[in-house]
Number of protein chains: 2
Amino acid sequence: MARTTISNVAEEAGVSVSTVSRALRGLDKVNPDTRKRVEAAAERLNFSFSKSASSLASGKTMKVAVLLPNEISSWFNSHAFEGIYEVLSKQGYDVIPNVMWEQRDLDRFFKALPNNQNVDAVIVVSFDLDDDKKRILSELTVPVIGLNNPSDEGFDASARIDDFAAMRSAVRLLHSLGHRNLAYIEQPVTSPFTCSAEARVNGFRAAVREVGYRDEDVLVIPSVKRSGVPGGQEEYSGIAAQLLSAPVRPTGICVEHDGCAAALVKELRRLGWDIPGEVSVIGFDDSDIADITGLTTIHQDPVETGRQAAMRALSLMRGECPETPYGVMPTSMVLRDTTGPAAESEA
Amino acid sequence: MARTTISNVAEEAGVSVSTVSRALRGLDKVNPDTRKRVEAAAERLNFSFSKSASSLASGKTMKVAVLLPNEISSWFNSHAFEGIYEVLSKQGYDVIPNVMWEQRDLDRFFKALPNNQNVDAVIVVSFDLDDDKKRILSELTVPVIGLNNPSDEGFDASARIDDFAAMRSAVRLLHSLGHRNLAYIEQPVTSPFTCSAEARVNGFRAAVREVGYRDEDVLVIPSVKRSGVPGGQEEYSGIAAQLLSAPVRPTGICVEHDGCAAALVKELRRLGWDIPGEVSVIGFDDSDIADITGLTTIHQDPVETGRQAAMRALSLMRGECPETPYGVMPTSMVLRDTTGPAAESEA
DNA sequence: TTGAAAGCGCTAACAT
DNA sequence: ATGTTAGCGCTTTCAA
């Protein structure tokens with residue numbers, strides 16, 4: 001059977017196509033009776049609009065692209081996407097994930113972007129864009145919204161957490177617990193895109209300086225710069241070794257995110273370290289893993305961040321100007337069982 | 001600036017629009033020189049096709065809908081989606097998640113489905129559909145692919161794990177370890193859609209019978225049928241109480257999925273139970289949490305399942321018939337630190 | 001190998 | 001409040 005079109009409905013209801021269009025879209029200036037008749041006809045014929053035809057005629061695609069780094073199933077990405085989806089899908093938008101696996105995916109996307117009339121807005125999640133790309137964004141006719149990007153440049157609106165402030169609160173906690181030597185651990189195996197990783201380690205560096213630690217009291221263990229390696233427990237024994245061989249052993253440790261932190265805690269305990277007795281460990285995100293393993297961590301709510309970004313996208317697409325286009329989402333410390341006073345702090 | 005259209009490119013290249021269309025889509029019967037000229041012109045003008053216009057003219061939408069229960073960020077859904085996305089996006093398809101939060105979302109989706117020319121295929125993830133909906137599916141002109149659905153009825157192809165076989169292997173393991181009394185724990189707080197939950201508990205029930213347990217040696221603790229309640233640790237002390245108050249205390253426990261299993265293990269240990277000394281616990285999924293908490297579990301690979309479903313969608317959309325339309329994906333036991341021989345088994 | 005022309009199904013002026 | 005009509009940007013016969 002051929003597709004039911006708007007003109008079939010018009011015929012069935014005994015009105016013109018434009019009346020059907022108006023009636024079914026809930027526009028005003030249509031007689032309630034007529035509308036009822038049209039709706040009944042549409043129901044009878046099981047009619048639904050062709051999105052392509054609507055888009056082509058109206059110029060609105062009712063699609064929003066979401067640019068995601070590395071994968072969609074990571075804790076942050078999937079939850080941020082969830083929030084975006086929740087808001088936009090309720091308004092009838094198709095929310096289309098665009099996962100960037102490598103730099104060339106991103107380059108290709110931006111190459112096609114300037115002329116792209118295939119989406120009504122794009123939401124960019126966790127990318128540290130170069131100047132070229134920022135310029136492309138700023139020249140775009142469709143709104144571009146940032147989510148957890150290091151800078152708001154090029155974006156018409158954004159929502160993000162303050163990685164700096166978050167790391168500062170972690171560093172302050174460790175400081176107040178009397179820890180004199182700190183370490184920061186990056187995720188052992190890196191992905192091609194690592195923008196929030198960088199934000200955090202930079203936040204940590206700035207925070208320790210601010211709080212008054214000397215450079216020699218602070219150790220940063222960078223990620224092993226090869227990707228694709230299975231991130232097994234072995235990576236963490238390497239990290240433990242580095243921790244042990246430090247000139248002065250750090251007792252307060254910040255880790256890039258909960259998954260790493262939990263794995264590190266497990267490895268250190270396996271090696272006989274007492275956590276939180278000897279050493280304190282703080283994660284980041286407050287994901288399920290932090291809860292189940294009793295990890296002290298920094299809580300953030302990516303679903304809500306996603307909602308905020310999407311709401312700003314919505315008002316921008318309506319041609320409005322959001323009251324607060326550039327918002328910072330809160331983070332908070334969650335104290336669990338991996339932090340405690342430094343052993344020497346009483347001495 | 002107005003949008004660059006195919007006719008701009010045609011003008012720039014000094015050819016007709018149809019030639020541009022052919023050249024840029026890589027069709028044959030176009031002179032290599034002409035194609036080069038067209039490509040150069042397109043590049044210069046930064047041209048890219050309007051998907052709406054292409055869809056409308058060609059009848060192919062280049063979109064695939066993915067029907068997901070409850071949320072997209074759950075472990076299974078996000079990983080299954082990842083696999084689907086990976087395969088389809090590489091072929092130029094937009095992959096559009098459609099999350100069903102409640103029954104009425106599903107009803108509405110199916111109501112609009114029969115006439116839907118807005119997607120080229122739909123992939124249905126983890127729904128136990130009623131006969132009405134199965135009938136709608138089977139009458140559809142676009143291919144419908146199932147992913148982890150209890151039945152293949154109504155689907156043109158599918159990929160799924162065998163929850164029954166998986167549970168049987170878990171039950172057999174516990175049996176061979178000498179556990180005489182088993183329990184199955186459903187997720188304490190339920191979501192509106194619970195199709196794989198049901199598959200598993202049914203698999204468990206069938207498996208214990210098959211292996212020879214008597215009904216009085218088996219306890220099933222159903223989920224608390226209220227949704228929206230925060231799934232805190234309290235739920236698990238309730239479960240522990242039920243376990244304790246059982247006529248005969250179960251020593252082999254299967255849990256619906258890893259998240260619940262880990263939380264239960266934590267609670268039981270807090271209450272002083274020795275795991276795996278006194279009691280063995282087996283999860284399901286082999287998610288990060290199982291790894292980090294040392295949980296024995298049943299491994300499955302939803303990304304690969306998603307890939308398989310998507311590949312079948314692809315060949316169906318091409319009008320081919322997949323070699324094996326209905327595939328079962330493997331699962332396997334992963335032994336970790338929550339299972340061991342029953343205490344009495346030596347006696 | 002290329003071009004001309006007729007739609008695809010809808011929206012949005014503009015009339016009435 | 002409703003109808004008429006001209007496209008939206010592309011694909012696809014059909015001719016040349």
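Quick note on labels: first sequence line is chain A, next is B, and so on, each numbered from 1.
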Asker: Would you tabulate the side-chain donor-acceptor contacts of residues 315-326 of chain B under 3.5 Å, counting partners in other chains and residues two or more places apart, or write 'none'?
Answerer:
unit_1: B/Ser315; atom_1: OG; unit_2: B/Arg312; atom_2: O; d: 3.3
unit_1: B/Tyr326; atom_1: OH; unit_2: B/Phe155; atom_2: O; d: 2.6

Asker: Identify all side-chain donor-acceptor contacts of residues 15-29 of chain B below 3.5 Å with residues at least two apart in sequence or on another chain.
Answerer:
unit_1: B/Ser16; atom_1: OG; unit_2: B/Ser18; atom_2: OG; d: 3.1
unit_1: B/Ser16; atom_1: OG; unit_2: B/Thr19; atom_2: N; d: 3.4
unit_1: B/Ser16; atom_1: OG; unit_2: B/Thr19; atom_2: OG1; d: 3.1
unit_1: B/Ser21; atom_1: OG; unit_2: B/Arg25; atom_2: NE; d: 3.3
unit_1: B/Ser21; atom_1: OG; unit_2: B/Arg25; atom_2: NH2; d: 3.1
unit_1: B/Arg25; atom_1: NE; unit_2: B/Ser21; atom_2: O; d: 3.3

Asker: How does protein contact run along nucleotides 7-15 of chain D, one letter per nucleotide 5' to 3', with B for base contact, S for sugar-phosphate only, - for none, heavy atoms under 4.0 Å?
Answerer: BBBBSB---
Asker: Once side chain to side chain donor-acceptor pair (under 3.5 Å) is applied, do any residues pair with A/Glu71, and if so which ones, sequence neighbours excluded?
Answerer: none
Asker: Enter the inter-axis angle for the ends of the helix from C/dT1-D/dA16 to C/dT16-D/dA1 (five pairs per end, rounded to 10°).
Answerer: 30°
Asker: What's the CG-P distance between A/Asp28 and D/dA1, to the nearest Å?
Answerer: 8 Å
Asker: Does B/Ser78 have any side chain to side chain contact (heavy atoms under 4.5 Å, CB included) partners at least two apart in sequence or in another chain, and if so, which?
Answerer: A/Ser73, A/Ser78
Asker: Using the test side chain to side chain contact (heavy atoms under 4.5 Å, CB included), find all partners of B/Glu153 that sit at least two apart in sequence or belong to another chain.
Answerer: B/Lys134, B/Ser151
Asker: Among residues two or more places apart or on two chains, list those pairs meeting ring-ring contact (aromatic ring centres under 6.0 Å, His included) that have a residue in residues 33-52 of chain A.
Answerer: A/Phe47-A/Phe49
Asker: Output a table of donor-acceptor pairs, distance under 3.5 Å, between side-chain atoms of residues 96-105 of chain A and any protein atom two or more places apart or on a different chain; print 'none' if there are none.
Answerer:
unit_1: A/Gln103; atom_1: NE2; unit_2: A/Asp107; atom_2: OD1; d: 3.1
unit_1: A/Asp105; atom_1: OD2; unit_2: A/Trp101; atom_2: N; d: 2.8
unit_1: A/Asp105; atom_1: OD2; unit_2: A/Glu102; atom_2: N; d: 2.8

Asker: Would you say NZ of A/Lys133 has more than 12 non-hydrogen atoms from neighbouring residues, nucleotides or ligands within 6.0 angstrom?
Answerer: yes
Asker: Can you name the residues that form a ring pair (Phe, Tyr, Trp, His ring centres under 6.0 Å) with A/Phe109, not counting sequence neighbours?
Answerer: none
Asker: Which two nucleotides bound the region of DNA chain C that has atoms under 4.0 Å from heavy atoms of chain B, read 5' to 3'?
Answerer: C/dT1 to C/dG9
Asker: A/Ser126: which residues meet the side chain to side chain contact (heavy atoms under 4.5 Å, CB included) condition with it, sequence neighbours left out?
Answerer: A/Pro69, A/Phe76, A/Asn148, A/Cys195
